[in-house]
Amino acid sequence: MVGASVLNQPQQFLIPPEHNGKSPEVDFNQKEQECISLVKRSKNMEEFKQVHGQILKLGLFWSSFCASNLVATCALSEWGSMDYACSIFEQIDDPSSFEFNAMIRGYIKDMNSEEALFTYLEMLEMGVKPDNFTYPALLKGCAFLSAIEEGIQIHGQILKLGFVEDAFVQNSLINKYGKCGRISDSCTVFEHMDQKTIASWSALIAAHANMGFWDECLKLFSQMNREGCWRAEESTLVSVLLACTHLGVLDSGRAIHGYLLRNLTGLNVAVETSLIDMYIHCGNLDKGICLFRGMGRRNRKSYSVVISGLATHGHGEEALKIFEQMLEERSEPEDVVYVGVLSACSRARLVKEGKKYFDRMRFEHGIEPTMQHYGCIVDLMGRAGMVYEALEFIKAMPIEPNDVIWRIFLSSCKIHQNVELGEIAAENLFKKTTQNACDYLMLSNMYAHAQRWDDVSLTRVKMAQKGLDHVPGSSFVEVKRKVHRFVSNDRSHPQCHEIYEMLHQMEWQLKFEGYSPDTSEVLLDVDEEEKKDRLSSHSQKLAIAFSLINTSQGSPIRIVRNVRMCSDCHTYTKLISAIYERMIIVRDRNIFHHFSDGTCSCKDYW
DNA sequence: GTAGGGTTAG
């Protein structure tokens, strides 16, 4: 049936068959040219099949570049089909590297990397020599499959065939090694390059981002600016923005924003969304929302970023309004956006609404709940104090609850000091292989609060037996694009003396306000004075003291923490925000605390 | 004579 319809139609696009005065060879070449041009101009499968039919009818398939172009167009066009391309390809008696390359690229475009690798093997078996065009796509396939062994073999073939100097091949190698987690191999390829282009830097930065080496991403970006004369493109900057987001470095993120505005006209939705995400996760929610409101076009991801962002900053109601607005704009929700919606309900303690959205997700939008959704509901109930109901919910889950579910439940039990259920949570959590020191500390803190010192010791012994080390709490502050890290009782900072002076001064001020340290979360059964000493130099307090010295009066202080803050630091920070009239924003793992005028946005539940 | 690399957010 291929091309059947064209036979019944006037052949407007071809030269009439009668002799036009030229030699048959010229005539043939002209027809061939016209057919190729028509193949390339096809806008859909229907048009393509018509031209294919014509080419077969005119006998041009066997003797020309027509077959090549048919395969390439069908394999690589947006509207193309690999099945159809394959059927054409199979009719070529003696396929060249061009046709093989087109097939390989087509499979990669279709995310069918296995088939791309099979095609390459077929190419070698048939004795067709690969060229420098073969490898970029093939390496992309290896990257996608994280196929380390195959990748190494292919690298060997590249060396043997002498394509290792090709910049495109080298960039693909950097990417491939990055995706396979072999970052040092990416660096080696990069270092050996004569001509490093923007794509080489981008590939290297993305490789580091893929491994979560955020500091390295920023270092490479500044190195690139120092060494190169080209301007970064959007794709590079998304990786760099992602690094800023993870590190919580707002000033560096702002600098990238400035760079984008200076060097690019108009940003695409992906970059705008990355910027919004960066602002929100670096603690400047208002700027993120402002950019979101100014977006010309939004997609589901931009909505999702903003909804989750508002939820983590404790603005649950606002997040739900944006979600309703998204539904009005007929953007069908996907499962991830519901994680934001449900966590918004949980943070705002909107239990009824949360349950309603959970049902709506399943029954109205047909989304099967994932572990994350179940986690949100456990959090929703647990945080609101419905710990017994939360436990029943966990027991009724159709999938085996993972460590995260039990951790969320343990955290709820701790907030509401339900030791009995907390022990059930811990018992289940400790059966999992992914337990960590924080889990033991949570249980231990709960016992400490209940003054059960024997159980505190026992929990710590168990923790030590498992070889789990207490993760030292760190606080990070960025001042003038430089990140300062503090740990508890830190005396390593160059401004150490001034910082402790400031801390002393702060304590005096706090005493006037009637503050007394909350020692309930200091683990050891030692005397009160020692506990107070340990508390007074927690990393967050050092970071605040440092910021008060080094930033201007009235400017907000932004702190990123690696572990959850203790209740004393929370109370302390609330009071400091009022005394020093500063907004203090703390990123505490996944949520934000906005301390202002003596209160916190989390309403003391975190 | 046909073509290729880095591509993102939760």
Side-chain angles (χ1 to χ4, degrees), chain A residues 29 32-33 36-37 39-40 64-73 75-76 96-106 108-109 130-140 143 163 166-176 178-179 186 189-190 193 195-210 217 224 232-246 267-281 288 292 298-312 319 333-341 343 372 590:
Chain A
N29 284 341
E32 183 195 31
Q33 281 305 318
I36 290 173
S37 150
V39 167
K40 287 185 178 169
S64 67
F65 279 87
C66 284
S68 301
N69 282 289
L70 280 170
V71 172
T73 305
L76 300 169
S96 69
S97 62
F98 182 87
E99 287 104 28
F100 270 110
N101 291 347
M103 289 300 287
I104 291 171
R105 281 170 50 221
I108 295 299
K109 189 187 108 269
D131 58 23
N132 52 332
F133 287 92
T134 313
Y135 290 105
L138 199 61
L139 290 167
K140 199 173 181 174
F163 299 126
D166 185 294
F168 285 80
V169 174
Q170 287 169 321
N171 292 337
S172 306
L173 281 169
I174 295 172
N175 177 46
K176 189 267 293 184
K179 291 270 160 52
S186 291
V189 176
F190 183 79
M193 286 184 81
Q195 291 277 306
K196 297 178 177 94
T197 64
I198 182 79
S200 326
W201 285 99
S202 284
L204 192 68
I205 293 173
H208 283 83
N210 185 45
C217 284
M224 170 182 149
E233 293 169 356
E234 288 178 336
S235 59
T236 329
L237 293 172
V238 169
S239 299
V240 182
L241 277 173
L242 191 60
C244 295
T245 305
H246 279 268
L267 306 177
N268 67 27
V269 186
V271 178
E272 276 189 293
T273 309
S274 299
L275 269 174
I276 293 169
D277 194 38
M278 182 279 293
Y279 277 111
I280 292 178
H281 278 99
F292 175 73
R298 296 168 187 162
N299 61 16
R300 283 186 293 189
K301 282 191 178 168
S302 22
Y303 273 107
S304 197
V305 165
V306 168
I307 290 166
S308 307
L310 282 163
T312 56
E334 49 182 341
D335 59 351
V336 191
V337 78
Y338 264 110
V339 176
V341 170
S343 61
Q372 275 183 296
N590 298 322

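Naming: A, B, ... by sequence-line order, numbering from 1 per chain. Predicted, not measured: the structure shown is a model, and the values here were computed from it.
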query = Would you say the base of B:dG6 and the side-chain of A:Gln170 have a donor-acceptor pair closer than 3.5 Å?
reply = no
key: Nucleotide B:dA3, atom C1' - distance to CG of A:Asp166 in whole Å   = 12 Å
request  = Give one of base, sugar-phosphate or nothing for A:Ala209, where a contact means two heavy atoms less than 4.0 Å apart.
outcome  = nothing
query = Rounded to the Å, how far apart are A:Phe292 CZ and B:dG10 P?
reply = 15 Å
request  = Could you work out which one of B:dA3, B:dG4, B:dA9 sits closest to the side chain of A:Pro136?
outcome  = B:dG4
inquiry  = Check this one for me: any side-chain N or O of A:Lys140 less than 4.0 Å away from OP1 or OP2 of B:dG6?
reply    = yes
query = OP1 or OP2 of B:dT7 sitting under 4.0 Å from any side-chain N/O of A:Lys179?
reply = yes
key: side-chain N/O A:Asn101 vs B:dA3 OP1/OP2, d < 4.0 Å   = no
key: OP1 or OP2 of B:dG4 under 4.0 Å from side-chain N/O of A:Asn171   = no
Which nucleotide in B:dG4, B:dG1, B:dG10 has an atom nearest any side-chain atom of A:Ser304 = B:dG10
query = Which nucleotide in the list B:dG5, B:dT7, B:dA3 gets nearest to the side chain of A:Ser235?
reply = B:dT7
note = Winner on side-chain proximity to A:Phe133, out of B:dA3, B:dG6, B:dA9, is B:dA3
request  = Go through the N and O atoms of the side chain of A:Ser308 and the base of B:dG10, and report whether any donor-acceptor pair is under 3.5 Å.
outcome  = no
note = Side-chain contact check for A:Phe65: nearest option of B:dG10, B:dG4, B:dG1 is B:dG1
message = Is it the case that the base of B:dG6 and the side chain of A:Glu233 share a donor-acceptor contact (distance under 3.5 Å, atom types as modelled)?
response = yes
inquiry  = Nearest to the side chain of A:Val169, heavy atoms from C-beta on, is which of B:dG6, B:dA9, B:dG4?
reply    = B:dG4
request  = Would you please confirm or rule out a distance under 4.0 Å between OP1 or OP2 of B:dG4 and any side-chain N or O of A:Arg105?
outcome  = yes
ask   = Any donor-acceptor pair under 3.5 Å linking the side chain of A:Thr245 with the backbone of A:His281?
value = no
query = Could one point to a donor on the side chain of A:Thr197 or the base of B:dG5 with an acceptor on the other under 3.5 Å away?
reply = yes
Separation of B:dG5 P from A:Leu138 CG (nearest whole Å) = 13 Å
message = Run A:Glu99 and A:Ser96 through side-chain hydrogen bond (donor to acceptor under 3.5 Å, both in side chains) and show every step you take.
response = CA-CA 6 Å; A:Glu99 287 104 28; A:Ser96 69; 3.0 Å; yes
query = If you check every side-chain atom of A:Phe98, which of B:dG6, B:dA9, B:dA3 has the closest atom?
reply = B:dA3
Evaluation steps, side-chain contact (heavy atoms from CB on, under 4.5 Å), between A:Ile205 and A:Val240 = CA-CA 8 Å; A:Ile205 293 173; A:Val240 182; 4.1 Å; yes
